[in-house]
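Working notes for the structure below.
All values derive from a computational prediction rather than experimental measurement. Below, chain A is the first sequence line, B the second, and so on; all start at residue 1.
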Protein chains: 2
Amino acid sequence: MCPTFEEALELVGRRWTGAILTATHQGVTRFSEYRAAIDGISDRLLSQRLKELETAGLLDRIVVPSTPVQIRYRLSPDGLELVEALQPLAQWSLRRSVRGRARQTSSA
Amino acid sequence: MCPTFEEALELVGRRWTGAILTATHQGVTRFSEYRAAIDGISDRLLSQRLKELETAGLLDRIVVPSTPVQIRYRLSPDGLELVEALQPLAQWSLRRSVRGRARQTSSA
DNA sequence: CTGAATCCAATAGGATACTG
DNA sequence: CAGTATCCTATTGGATTCAG
């Protein structure tokens with residue numbers, strides 16, 4: 001299997017990453033908005049994930065030169081494509097949860 | 001975001017999981033075949049992932065009553081749907097790697 | 001052949017406090 | 001507001017050995 005696919009899976013499989021991408025897709029742009037929109041995420045992880053996604057070229061970090069400066073995030077073209085590419089997976093998990101399967105995936 | 005989507009992402013984002021699903025989809029069925037097909041995976045992780053995927057209802061573990069018994073794995077209907085749902089993501093990562101983006105996603 | 005058991009190193013993640 | 005820094009624990013993953 002091509003390694004870039006594994007990389008994509010592992011990036012997107014990191015905790016909170018899906019939630020951040022989804023939130024961004026739904027219009028969330030500010031750090032504090034993510035905090036409010038994503039229940040349970042810590043500042044540290046949010047900051048880390050945003051940076052990872054920016055580094056991966058999936059989010060653009062926009063500095064608005066107001067006073068005080070505002071930081072906004074948005075999906076890059078690649079990021080938008082990714083969110084769209086994840087839709088079938090979202091549908092699948094939704095179908096599955098409706099059918100009753102899901103959960104019990106841990107327990108090593 | 002619905003928690004089942006996060007669960008799906010985290011399951012599929014675990015190391016080797018994508019490779020195992022792909023290999024299975026391409027006809028791999030035996031433990032030793034996975035070992036041969038997936039470069040670098042250890043017995044421990046292969047065993048663990050197979051069990052996780054079985055527990056999640058994505059793989060079926062078939063015991064063939066020959067002498068000695070043979071163990072075969074195959075995608076369950078859900079697992080097949082999952083593999084199909086992952087195709088857009090695979091396409092996306094392929095497009096991206098062709099375009100030259102990808103990599104540099106780690107470095108916390 | 002198909003794993004399970006053990007041991008260890010690395011990484012991820014959570015909580016909290018602090019800063020420009 | 002938008003993060004950093006620090007600390008600490010839990011989870012992952014790799015290597016190796018053992019077993020039915």
Side-chain angles (χ1 to χ4, degrees), chain A residues 1 3 6-20 23-24 27-56 59-74 103-108, chain B residues 1 3 6-7 9-20 23-24 28-56 59-74 103-108:
Chain A
M1 201 184 49
E6 269 284 345
E7 285 173 34
L9 284 176
E10 285 173 28
L11 171 62
V12 126
R14 280 219 183 79
R15 196 158 190 202
W16 308 116
T17 303
I20 291 172
T24 310
V28 168
T29 63
R30 314 279 307 268
F31 195 92
S32 49
E33 290 175 348
Y34 288 106
R35 258 203 299 234
I38 303 172
D39 192 62
I41 194 172
S42 68
D43 286 0
R44 194 179 77 85
L45 270 290
L46 175 55
S47 171
Q48 192 173 305
R49 289 293 174 269
L50 288 171
K51 204 179 299 176
E52 288 168 4
L53 291 169
E54 189 196 349
T55 300
L59 287 185
D60 293 325
R61 183 178 186 272
I62 315 291
V63 180
V64 181
S66 53
T67 310
V69 293
Q70 286 191 2
I71 312 292
R72 297 191 174 275
Y73 296 90
R74 65 172 183 199
R103 215 131 345 239
Q104 80 268 37
T105 58
S106 57
S107 76
Chain B
M1 199 182 53
E6 268 284 345
E7 284 172 33
L9 285 175
E10 285 172 28
L11 170 63
V12 127
R14 280 221 182 79
R15 195 159 191 201
W16 308 115
T17 302
I20 290 171
T24 310
V28 168
T29 61
R30 314 278 308 267
F31 195 90
S32 50
E33 290 175 348
Y34 288 104
R35 258 203 301 236
I38 303 173
D39 193 61
I41 195 171
S42 69
D43 287 359
R44 195 180 76 84
L45 269 291
L46 175 54
S47 170
Q48 192 172 306
R49 290 291 175 269
L50 288 171
K51 202 182 302 178
E52 287 168 4
L53 290 170
E54 189 197 349
T55 300
L59 287 184
D60 292 325
R61 184 177 185 273
I62 315 291
V63 180
V64 181
S66 53
T67 310
V69 294
Q70 285 191 4
I71 312 290
R72 296 191 174 275
Y73 295 91
R74 66 172 180 198
R103 220 134 337 244
Q104 78 267 35
T105 58
S106 57
S107 73

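- Counting to the nearest Å, the C1' atom of D/dG13 and the CZ atom of B/R15 are 8 Å from each other.
- One interatomic measurement links the two molecules: CD1 of B/I71 to C1' of C/dA4, which rounds to 14 Å at whole-angstrom precision.
- Under the 4.5 Å side-chain criterion, counting only non-hydrogen atoms from C-beta, B/D43 is in contact with B/F31.
- The CG atom of A/D60 sits 8.0 Å away from the CD atom of A/E54 when rounded to the nearest 0.5 Å.
- In this structure, B/R61 reaches the C/dG3 phosphate: one of its side-chain N or O atoms is under 4.0 Å from OP1 or OP2.
- Atoms CZ and CG, from B/R61 and B/L53 in turn, are 13.5 Å apart once rounded to the nearest 0.5 Å.
- Rounding to whole angstrom units, CD of residue B/E52 and P of C/dG3 are separated by 14 Å.
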Stepwise, does the side chain to side chain contact (heavy atoms under 4.5 Å, CB included) test hold for B/I62 with B/I71?
CA-CA 6 Å; B/I62 315 291; B/I71 312 290; over 6 Å; no
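- The CD-C1' distance, from A/Q70 to D/dA2, rounds to 11 Å in whole Å.
- The existence of a salt bridge linking B/E52 and B/R49 is confirmed by a sub-4.0 Å separation between a basic side-chain nitrogen and an acidic carboxylate oxygen.
- For the pair B/T17 and A/L9, the minimum side-chain heavy-atom distance is 4.5 Å or more.
- Atom CD of A/Q48 and atom P of C/dG14 are 10 Å apart (whole Å).
- Note on A/K51: a side-chain N or O is less than 4.0 Å away from OP1 or OP2 of D/dT4.
- Distances were taken from every side-chain heavy atom of B/R14 (C-beta onward) to each of D/dG3, D/dA2, D/dG13; the shortest belongs to D/dG13.
- Listed candidates were C/dA4, D/dG3, D/dG14. Nearest to the side chain of A/R35 is D/dG3.
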Between A/I41 and A/Y34, does a side chain to side chain contact (heavy atoms under 4.5 Å, CB included) hold up when you go through it step by step?
CA-CA 9 Å; A/I41 194 172; A/Y34 288 106; over 6 Å; no
Every protein N/O within reach of nucleotides 15-17 of chain C N/O, cut-off under 3.5 Å:
from   : atom 1 : to    : atom 2 : distance (Å)
C/dA15 : N6     : A/R44 : NE     : 3.3

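- For B/Y73 and C/dG3, the shortest distance from a side-chain N or O to OP1 or OP2 is below 4.0 Å.
- Rounded to whole Å, atom C1' of C/dA4 lies 10 Å from atom CZ of B/F31.
- Nucleotide D/dG3 holds its C1' atom 13 Å from the CD atom of A/E54, rounded to whole Å.
- At a threshold of 4.5 Å between non-hydrogen side-chain atoms, the residues B/R74 and B/R72 do not count as touching.
- Taking CG of A/L50 as the start and OG1 of A/T24 as the end, the distance is 7.5 Å to the nearest 0.5 Å.
- Ranking D/dG13, D/dT4, C/dC1 by closeness to the B/R30 side chain, first place goes to C/dC1.
- Summary of the strand contacts: A/V69 and B/G13 both lie near DNA chain D, and taking for each the nucleotide with the nearest heavy atom, the more 5' one is attributed to A/V69.
- The distance between atom CD of B/E10 and atom P of D/dA10, rounded to the nearest whole Å, is 18 Å.
- Note on the helix from C/dC1-D/dG20 to C/dG20-D/dC1: angle between the axes of the first and last five pairs equals 50°, rounded to 10 degrees.
- Remark: side-chain polar atoms of A/T55 are paired, donor with acceptor, to backbone N or O of A/K51 under 3.5 angstrom.
- Along DNA chain C, the nucleotide nearest A/W16 and the nucleotide nearest B/E33 are compared for position; the residue whose nucleotide lies closer to the 5' end is B/E33.
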